[in-house]
Amino acid sequence: MKIAIGSDHGGFHLKQEIISMLRKNRHTVINVGAHNDKPSDYPDFALAVATQVIRGKAVRGIIVCGSGVGACIAANKIPGIRAAVCHDTFSARQGVEDDDMNVLCLGARVIGPNLAEEIISVFLAAKFSNAERHKKRLGKIAALEKAFQGR
Ligand code: RB5
């Protein structure tokens with residue numbers, strides 16, 4: 001699968017470990033940065049990952065910051081992005097199956113590489129259920145985006 005990944009300084013080292021893991025599992029990785037652990041701003045990398053997903057250059061995105069929270073808030077500002085912080089495998093699976101989550105946010109100051117790897121493998125294996133009730137709810141989210149565009 002084509003995966004876009006980004007981090008700020010807080011997530012840099014975990015991102016590098018995740019990239020190695022993804023490549024070992026034969027995924028194609030688009031690394032949008034940061035390319036070092038000098039202080040940087042997570043909204044820049046959230047935007048870069050989101051852009052790859054929205055333009056169809058990547059199927060899913062992963063953003064790592066200190067907590068996962070800032071990256072998630074920023075990514076969800078981009079219409080069409082459905083990002084969530086998941087530090088457990090249940091949420092990572094259900095977030096895709098029910099909510100069509102397309103960006104996973106992780107906190108490098110919260111979880112370690114082993115749990116990150118498990119969460120990512122569940123996130124990438126999961127598929128949206130296409131169930132009518134979930135499509136209806138996603139339609140309501142899309143309507144919210146539309147209603148507040150340009151305000
Ligand atoms: C940066 O220090 C930190 O605020 C950032 O990585 C992230 O945790 C924000 O949510």
Side-chain angles (χ1 to χ4, degrees), residues 1-25 27-126 128 134 137-138 140-142 144-151:
M1 187 185 284
K2 267 198 173 178
I3 299 151
I5 185 165
S7 75
D8 67 356
H9 57 290
F12 173 74
H13 293 289
L14 181 57
K15 171 171 69 71
Q16 297 310 105
E17 294 196 58
I18 292 170
I19 289 171
S20 304
M21 179 272 283
L22 290 172
R23 290 197 172 131
K24 216 182 294 162
N25 289 313
H27 293 290
T28 303
V29 179
I30 304 166
N31 179 8
V32 301
H35 298 294
N36 56 56
D37 63 5
K38 294 204 177 78
S40 58
D41 302 326
Y42 57 79
D44 298 337
F45 304 102
L47 173 62
V49 167
T51 302
Q52 295 292 320
V53 173
I54 292 303
R55 296 203 174 139
K57 309 270 185 220
V59 180
R60 302 256 172 101
I62 299 171
I63 316 170
V64 193
C65 68
S67 63
V69 173
C72 184
I73 291 171
N76 278 315
K77 299 294 177 196
I78 291 119
I81 292 298
R82 293 173 297 278
V85 182
C86 299
H87 288 152
D88 66 276
T89 53
F90 176 83
S91 307
R93 178 181 298 106
Q94 193 190 270
V96 176
E97 289 177 350
D98 291 10
D99 313 318
D100 206 12
M101 171 173 61
N102 50 13
V103 172
L104 172 70
C105 302
L106 297 171
R109 295 173 184 155
V110 185
I111 60 166
N114 293 334
L115 179 54
E117 182 168 352
E118 281 190 38
I119 291 166
I120 288 166
S121 79
V122 166
F123 167 63
L124 297 179
F128 178 53
H134 296 311
R137 291 162 190 157
L138 290 172
K140 290 189 175 189
I141 293 173
L144 285 176
E145 282 178 346
K146 221 171 165 191
F148 284 88
Q149 244 162 30
R151 291 203 183 188

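No hydrogens, no waters, no symmetry mates; every other heavy atom, side chains included, goes into these values. Note that the structure is predicted; figures quoted are calculated from it, not measured. As the structure lists them, so they are numbered: ligands from 1, and atoms in each ligand from 1.
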Value for CG (L47) from CD (Q52), rounded to nearest 0.5 Å, stands at 10.0 Å
So how far is it from I120 CD1 to C86 SG, rounded to the nearest 0.5 Å? 11.0 Å
Which atoms from ligand 1 have a heavy atom of D8 less than 4.0 Å away? 1 (C), 5 (C), 6 (O)
So the atoms of ligand 1 within less than 4.0 Å of a heavy atom of H9 turn out to be 1 (C), 2 (O)
What residue and atom, counting heavy atoms only, is the protein's closest point to [atom], and at what distance?
atom                   : value
atom 9 (C) of ligand 1 : Y42 CE2, 3.6 Å
atom 3 (C) of ligand 1 : R109 NH1, 3.7 Å
atom 8 (O) of ligand 1 : S67 N, 2.9 Å

Within-cut-off N or O pair, C65 and ligand 1, under 3.5 Å: no
Polar atom proximity, G70 to ligand 1 (N or O, under 3.5 Å): yes
Does any non-hydrogen side-chain atom of V64 lie less than 4.5 Å from one of I18? yes
When you measure from the side chain of N102 to the backbone of R82, do you find a donor-acceptor pair of N or O atoms at a distance under 3.5 Å? yes
Give a yes or no on whether the backbone of K38 and the side-chain of N36 come within a donor-acceptor separation of less than 3.5 Å. yes
Side chains of D37 and H13: any donor to acceptor distance under 3.5 Å? yes
